[in-house]
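Step one of this worksheet: look at the structure below.
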Amino acid sequence: MTSPLDVAVVQLQADEDVQENARAAAEAIRDAGRAQLVVLPEYTSGWAKHLRPELAQPARGPFTEAVRRAARESGRTVVLGTMEPDDGESARCANVALAIGPDGQDLGRYRKVHLFDAYGIRESDTLTPGPAGAEHALVFDVGALRVGVATCYDIRFPETFRVLADAGANVFAIGAAWAAGEGKAELLLTLARARAIENASYVLISSQPGPGRSGHSAIVDPRGVVLSQAGSDEARTLQAALDPEVVRATRAQVPSLGHRRYRVVPVDDDGGRVG
């Protein structure tokens with residue numbers, strides 16, 4: 001029998017003080033109890049209601065080095081969101097989810113594909129989207145489970161998670177700075193449960209609390225059962241043990257992934273198929 005995977009989902013509020021954000025993230029990683037996998041929010045490196053390029057941090061800068069050191073010293077795998085200067089010549093940035101192994105080395109990077117231009121917010125004014133397609137999916141193994149990474153607004157796009165499931169993922173780690181508003185917390189949980197049920201996978205949502213953000217981080221099992229959930233304003237770490245047998249049994253009972261009659265293909269900016 002395969003062993004369960006202990007996870008910690010950290011509900012952490014970041015602001016414009018990058019040094020304090022690094023300290024808080026490193027502390028949360030070190031204090032994550034028995035967790036082998038720790039998930040922190042989108043924009044853990046720095047957040048403001050109106051994103052600005054000066055909040056971006058270099059890929060090998062003080063913030064990420066502090067997080068890598070905490071992962072190595074605690075022996076945990078970590079997923080968290082940062083904002084980095086874009087590789088191109090523009091002044092825009094990239095929203096990056098970084099996965100770090102228990103040795104402090106990078107497992108991979110995912111650049112957010114779907115930018116949040118809604119509710120009066122325009123991420124595309126500051127960010128460039130990442131490339132779409134299965135070849136850009138970030139998946140990695142932790143124990144007997146395979147983790148796939150997505151970010152915030154991606155949760156509204158089921159095809160993102162089909163791509164991850166096709167790459168073998170049975171745990172989705174999603175960092176968010178989910179915008180506050182009427183019904184938004186309920187919407188986040190509804191989407192999380194939907195992505196869990198339709199892919200028979202665990203969903204880990206780490207969502208920032210604080211002004212303009214809705215919090216409500218959650219851990220959802222492959223049947224859509226909410227195992228743990230935080231409130232709107234509290235700083236809190238959720239803990240759970242993810243059982244590979246629950247994934248196996250759920251997929252055996254309802255083998256919907258094997259019943260599909262459509263495949264996912266990327267589209268260009270005009271809605272046409274790529275390739």
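Hydrogens, waters and symmetry mates play no part in the numbers below; they use all other heavy atoms, side chains included.
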Report yes if the side chains of [X] and [Y] come closer than 4.5 Å at any heavy-atom pair, otherwise no.
X      : Y      : answer
Cys93  : Arg52  : no
Leu191 : Arg156 : yes
Ile29  : Val67  : yes
Pro255 : His259 : yes
Pro129 : Val113 : no
Phe140 : Thr77  : yes
Arg195 : Asp154 : no
His216 : Leu189 : no

Should the pair [X]-[Y] be classified as a salt bridge under the 4.0 Å nitrogen-to-oxygen rule?
X      : Y      : answer
Arg146 : Asp141 : yes
Glu20  : Arg23  : yes
Glu27  : Arg30  : no

#### Entry: Audit row: Thr64, Arg68, side chain to side chain donor-acceptor pair (under 3.5 Å) steps and yes/no
CA-CA 6 Å; Thr64 52; Arg68 291 185 182 98; 3.0 Å; yes
### Task
Could you check whether the rings of Tyr153 and Phe157 sit parallel, tilted or perpendicular, using 30° and 60° as the cut-offs?
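If you compare the ring of Tyr153 with that of Phe157, the planes turn out perpendicular.
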### Query
Judged by atom type as modelled, is there a donor-acceptor pair below 3.5 Å linking the side chain of Arg236 to the main-chain atoms of Gly231?
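Looks like no, no N/O pair under 3.5 Å.
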#### Entry: Intermediate values then yes/no, salt bridge (Lys or Arg N to Asp or Glu O under 4.0 Å), Arg248 and Glu245
CA-CA 5 Å; Arg248 188 207 64 76; Glu245 176 59 21; 2.7 Å; yes
### Message
Quick one about Arg111 and Thr128 (side-chain donor to acceptor, distance below 3.5 Å, no hydrogens or angles considered), yes or no?
### Response
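A pair is found: one side chain offers a donor N or O, the other an acceptor, under 3.5 Å apart.
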### Query
Out of Lys184, Gln208, Glu42, Lys49, which residue meets the side chain to side chain contact (heavy atoms under 4.5 Å, CB included) rule with Arg213?
Gln208
